[in-house]
Amino acid sequence: RIAISAAIALPALTQDPIERAELAAISALQWQPATTNHPSSRLVRAIADREIHLSIRVHPESIVFEVDASRDEFEFAMQFLTELLRSARIEPAALDRWQVHALQSDAAARTEPNRAALRAFERCVVPAYAEWAGGLDGEAIRTVSVASVQSRLNALLADAPLTVAIAGD
């Protein structure tokens, strides 16, 4: 297998709940990747047929797009990731799905003992990260729109530093 990882550097830690929610919502592309040229229905089918796996993780300092593929699918995986990094598009259904997931996660973080313990641990060990990752505000989750997330994503794809790494066996 080969993993291709592209990390988009974020300008600075933000404590603004709406900004944090907009950044986190970019991960909606993981479930429904789409570009200006290709709707998610086409891309999801194309990568599933080729056993290519997409992961998008949002960290305080970066957003990481990672594609995992077989050696035979490396070229297609590179093309897919390049297309995403050039013209990713957040579809309304993808944002809706992300909002439902984020609201459920926010509720679980307040009621599940293991999540509360993890938050307490993070506050002690990595306080700056814990502050940023302390969960998204439900109001902020509901406030973000396709237009606001797309605008933030476009700005990052156009101007933010990008680091790419390729590893494989």
Side-chain angles (χ1 to χ4, degrees), residues 1-11 13 20-106 108-109 112 114-115 117-119 121-122 125-126 128-130 132-133 135-136 144 146 149-150 152-169:
R1 304 281 308 166
I2 298 173
I4 310 159
S5 180
I8 300 169
L10 296 178
L13 275 179
R20 286 178 47 224
E22 288 170 350
L23 289 169
I26 292 170
S27 67
L29 284 167
Q30 178 171 314
W31 296 309
Q32 290 180 249
T35 67
T36 54
N37 297 321
H38 304 289
S40 63
S41 57
R42 178 188 281 171
L43 289 180
V44 167
R45 196 170 40 253
I47 64 174
D49 289 347
R50 290 182 159 88
E51 293 187 36
I52 293 173
H53 305 283
L54 171 65
S55 168
I56 300 174
R57 294 179 317 278
V58 179
H59 303 285
E61 70 287 345
S62 65
I63 298 174
V64 179
F65 288 66
E66 187 168 281
V67 176
D68 178 68
S70 69
R71 188 179 300 264
D72 294 338
E73 297 298 344
F74 174 73
E75 185 176 342
F76 182 85
M78 283 292 292
Q79 291 170 350
F80 168 67
L81 183 58
T82 300
E83 180 76 14
L84 266 183
L85 294 172
R86 283 188 180 150
S87 61
R89 183 171 60 88
I90 303 289
E91 293 179 332
L95 183 63
D96 291 345
R97 184 175 176 183
W98 173 83
Q99 285 173 316
V100 167
H101 179 265
L103 288 168
Q104 289 172 342
S105 181
D106 180 51
E112 294 177 5
N114 60 336
R115 297 279 296 272
L118 177 60
R119 291 263 166 86
F121 174 78
E122 288 172 342
V125 176
V126 281
Y129 175 77
W132 191 87
L136 296 172
V144 298
V146 170
V149 175
Q150 188 67 56
R152 185 154 312 274
L153 176 60
N154 290 348
L156 289 170
L157 293 176
D159 298 327
L162 175 72
T163 302
V164 177
I166 301 171
D169 49 14

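Worth saying up front: this structure is predicted, and the values here are computed from it rather than measured.
- The only option from Ile26, Leu85, Leu162 that meets the side chain to side chain contact (heavy atoms under 4.5 Å, CB included) definition with Leu156 turns out to be Ile26.
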Would you tabulate the side-chain donor-acceptor contacts of residues 1-8 under 3.5 Å, counting partners in other chains and residues two or more places apart, or write 'none'?
{"from": "Arg1", "atom 1": "NE", "to": "Asp68", "atom 2": "OD2", "distance (Å)": "3.0"}
{"from": "Arg1", "atom 1": "NH2", "to": "Glu51", "atom 2": "O", "distance (Å)": "3.0"}
{"from": "Arg1", "atom 1": "NH2", "to": "Asp68", "atom 2": "O", "distance (Å)": "3.3"}
{"from": "Arg1", "atom 1": "NH2", "to": "Asp68", "atom 2": "OD2", "distance (Å)": "2.9"}

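- Shown here are the side-chain contact (heavy atoms from CB on, under 4.5 Å) partners of Ser55, two or more places apart in sequence or in another chain: Gln30, Arg57, Glu66.
- Partners of His101 by ring pair (Phe, Tyr, Trp, His ring centres under 6.0 Å), not counting sequence neighbours, listed by chain and number: Trp31.
- Between Ala69 and Ala77 the shortest heavy-atom distance is CB-CB, 3.7 Å.
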Would you list the atom pairs, donor with acceptor, under 3.5 Å between side chains in residues 89-98 and any protein atom, with sequence neighbours excluded?
{"from": "Arg89", "atom 1": "NE", "to": "Thr35", "atom 2": "O", "distance (Å)": "3.2"}
{"from": "Arg89", "atom 1": "NH2", "to": "Glu91", "atom 2": "OE2", "distance (Å)": "3.3"}
{"from": "Glu91", "atom 1": "OE1", "to": "Ser40", "atom 2": "OG", "distance (Å)": "2.4"}
{"from": "Glu91", "atom 1": "OE2", "to": "Ser40", "atom 2": "N", "distance (Å)": "3.0"}
{"from": "Trp98", "atom 1": "NE1", "to": "Ala24", "atom 2": "O", "distance (Å)": "3.4"}

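- Across all their heavy atoms, Ser62 and Val64 have their closest contact at OG-CG2, 3.7 Å.
- Applying the salt bridge (charged side-chain N to carboxylate O under 4.0 Å, His left out) test to every pair with at least one member in residues 21-30, sequence neighbours left out, gives these pairs: Glu22-Arg152.
- With sequence neighbours excluded, the residues that form a salt bridge (charged side-chain N to carboxylate O under 4.0 Å, His left out) with Glu73 are Arg50.
- Looking only at side-chain heavy atoms (C-beta outward), Ile63 and Leu153 stay at 4.5 Å or farther from each other.
- Looking at every heavy atom in both residues, Pro33 comes nearest to Val44 through CD-CG2, 3.7 Å.
- The minimum heavy-atom distance linking Leu10 with His59 is given by the pair CD1-O, 3.3 Å.
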task: Test side chain to side chain contact (heavy atoms under 4.5 Å, CB included) on Leu84 and Leu54 and set out the steps.
output: CA-CA 11 Å; Leu84 266 183; Leu54 171 65; 3.9 Å; yes
message: Could you walk me through whether Glu83 and Leu43 satisfy the side chain to side chain contact (heavy atoms under 4.5 Å, CB included) test, starting with their C-alpha distance in whole Å, then the side-chain angles of each, then the deciding distance to 0.1 Å, before giving a yes or no?
response: CA-CA 11 Å; Glu83 180 76 14; Leu43 289 180; 5.8 Å; no
